[in-house]
Q: 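To start, I am sharing the structure in question, which I have written as structure tokens.
The sequence lines fix the lettering, A, B, ..., with proteins before strands; numbering per chain opens at 1.
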Number of protein chains: 2
Amino acid sequence: MGIAERKEREKQDIKDLILLKAKEILIKEGQDGLSIRKLATEIEYSPATIYLYFQDKDEILYQMMNMGFEKMAQSMAHVYTLEDPLKRIFEIGRLYIEFGLNEWEWYHLMFNSASPMNHIERCKAEWGPGIAMYDYLASCCKEAYALQNKLDRDPKIAALHLWSAAHGLVTLAVTHRFCVVEDNAHEETVRNKLIDDTLKHIMISLFDYKI
Amino acid sequence: MGIAERKEREKQDIKDLILLKAKEILIKEGQDGLSIRKLATEIEYSPATIYLYFQDKDEILYQMMNMGFEKMAQSMAHVYTLEDPLKRIFEIGRLYIEFGLNEWEWYHLMFNSASPMNHIERCKAEWGPGIAMYDYLASCCKEAYALQNKLDRDPKIAALHLWSAAHGLVTLAVTHRFCVVEDNAHEETVRNKLIDDTLKHIMISLFDYKI
DNA sequence: TGATTTAATAAACAGTGTTTAGTATATTTG
DNA sequence: CAAATATACTAAACACTGTTTATTAAATCA
């Protein structure tokens, strides 16, 4: 009975179509510009149809959050090839911040927005890629501290320190909090210099690592 | 001709009334629950009237952001009395994070939301209290580094490091990113422990300061 | 008192997420 | 094959949102 399978395929096709168009709108107009009604006209279905494939808007955002994690993982793929754990940590930090600044709409979904998290709690779904990234960073910190004989430091807490600092840098920069505490002549350049210097400061403070 | 003055007073009174009720709604229902129409019914005027006193919703949020800075400054008042710059820095960090967690709606307005910043750019208004806080923190870092003869460290960048880390901690915690990377048994307690440990880690990393 | 300025609003505009009731079409059953 | 059922889809409504415009009522000025 291939009909059920075909229907299943068609259902998945429309789900994919919705997510594909949602992705396009997200990139073009950001999370605020992504509305169910706009998405509906874009895929040439009525708004109500979308609710036959997704429970609500937050579920769509949740699915897109996962797409964002894939994107980020891709941009960080080469990190695993590095020998030196300190270089790995620095690269993770650098790429994390770069991703946050250049792909803010994805980043916002993954680490800042409340909407997709609503769905995580409701479904008790997992945040697999986020946890994996955090665990990997912690393992790098463990290696680094082991090499430096800093055995009193908790690598998990160090990872949290790094994550928080990087996340703070990204969000404060994107929401224009840096351009007001510094002379905001050329926001972009000032911002990049501040972030670069702060990342260096972080590496020196945590690991006495001068790049 | 006291009529003009009286009118000016009455105008200010209504402005104050709007902001007072806005504050009440913000505390009760958060920034998402604060709508112009709800605010209008609350002050017993029509929605259109609000636009005679404020340019748009963002201007109201901008004014409330400034109220938030006052609140935060009050909670940090005793810091200035501390002798040791390291104790000052730790207290600023501790109180900053505490404020962010306990008064999230205010914090969100001050350091996370995009809306009030729209207005800052439009009006070229200042972010005085935020800048003052940042400068004070930087001056504390300068003192601390001077006492420790760490003259190669830039205190402004250290302040940015501290600020970013604290901001990151607060926002990741509030948006439930911590409860998913740790076993989320008791979100509140896990979260508080993580934040406490991370703050300690920050103080050790930056200033070799064990509390 | 009559003219003018000011304050306030009803109603509309252009959106938003979501639900419900109803209609075509496709599939299954007798 | 025809009747019954199940599926896919949508029009319209509900309850909201921020903001603008035309109009009315009241206060002030001449």
Q: Could you state the CG-C1' distance from A:Asp58 to C:dT18, rounded to the nearest angstrom?
A: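 So the CG-C1' distance, A:Asp58 to C:dT18, works out to 12 Å.
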Q: Between B:Thr49 and C:dA8, does any side-chain N or O lie under 4.0 Å from OP1 or OP2?
A: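 Looking at the OP1 and OP2 atoms of C:dA8, neither is under 4.0 Å from any side-chain N or O of B:Thr49.
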Q: Would you say the side-chain atoms of A:Thr175 and A:Arg177 include a donor-acceptor pair closer than 3.5 Å?
A: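 A donor-acceptor contact under 3.5 Å links the two side chains.
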Q: Output the rounded distance in Å from CD (A:Glu8) to P (D:dA6).
A: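 Distance check: A:Glu8 CD to D:dA6 P gives 19 Å.
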Q: Is it true that the side chains of B:His78 and B:Glu91 contain a donor and an acceptor less than 3.5 Å apart?
A: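 Checked: B:His78/B:Glu91 side chains pair up, N/O donor to acceptor below 3.5 Å.
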Q: Does the cation-pi check pass for A:Lys15 over A:Phe54, that is, NZ or CZ under 6.0 Å from the six-membered ring centre and within 45° of its axis?
A: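 Satisfied, under 6.0 Å and within 45°.
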Q: Choose from D:dA8, C:dA10, C:dA7 the nucleotide whose nearest atom is closest to any side-chain atom of A:Lys11.
A: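 Selected nucleotide: D:dA8.
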Q: Can you measure B:Leu39 atom CG to D:dT17 atom C1' for me and round it to whole angstrom units?
A: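 That distance rounds to 14 Å.
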Q: Identify which nucleotide among D:dT10, D:dT17, D:dC9 has an atom closest to any side-chain atom of B:Ser35, counting heavy atoms from C-beta outward.
A: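 Of all the options, the side chain of B:Ser35 is nearest to D:dT17.
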Q: Ignoring hydrogens and angles, state whether a donor on the side chain of A:Tyr80 or A:Tyr136 is under 3.5 Å from an acceptor on the partner side chain.
A: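 Not at all, the side chains of A:Tyr80 and A:Tyr136 share no donor-acceptor pair under 3.5 Å.
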Q: Counting any heavy atom closer than 4.0 Å, what does B:Tyr53 reach on the DNA or RNA strands: base, sugar-phosphate only, or nothing?
A: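 The residue B:Tyr53 makes sugar-phosphate contact but no base contact.
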Q: Could you state the atom-to-atom distance from CD1 of B:Ile50 to P of C:dT9 in whole Å?
A: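 The answer, rounded to whole Å, is 10 Å.
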Q: Roughly, in whole Å, what's the span from CD in B:Gln55 to C1' in D:dG18?
A: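 These atoms are roughly 14 Å apart.
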Q: Please determine if B:Glu98 and B:Arg94 form a salt bridge, counting it only when a charged side-chain N lies under 4.0 Å from a carboxylate O.
A: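 Yes.
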Q: Please determine, for the side chain of B:Tyr51, which listed nucleotide (C:dT20, D:dT20, C:dT18) has the closest atom?
A: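 Side chain of B:Tyr51 sits closest to D:dT20.
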Q: Reading DNA chain D from 5' onward, which residue's closest nucleotide shows up sooner: B:Lys57 or A:Tyr45?
A: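 Between the two, 5'-proximity favours A:Tyr45.
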Q: Whole angstrom is fine here: how far is it from CG in B:Asp13 over to P in C:dA7?
A: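 In whole Å, C:dA7 P lies 13 Å from B:Asp13 CG.
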Q: NZ of A:Lys38 versus C1' of C:dG17: gap in Å, rounded?
A: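 Taking atom C1' of C:dG17 as the reference, NZ of A:Lys38 is at 14 Å.
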Q: In whole Å, what is the span from the CG atom of B:Leu52 to the C1' atom of D:dT23?
A: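 In whole Å, D:dT23 C1' and B:Leu52 CG are 14 Å from each other.
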Q: I'd like to know if A:Arg37 reaches the base of C:dG15 with its side chain such that a donor and an acceptor end up less than 3.5 angstrom apart.
A: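 Per atom types, no contact qualifies.
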Q: Picking from D:dT19, C:dA10, C:dT18, which would you name as closest to the side chain of B:Ser46?
A: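 Of all the options, the side chain of B:Ser46 is nearest to C:dA10.
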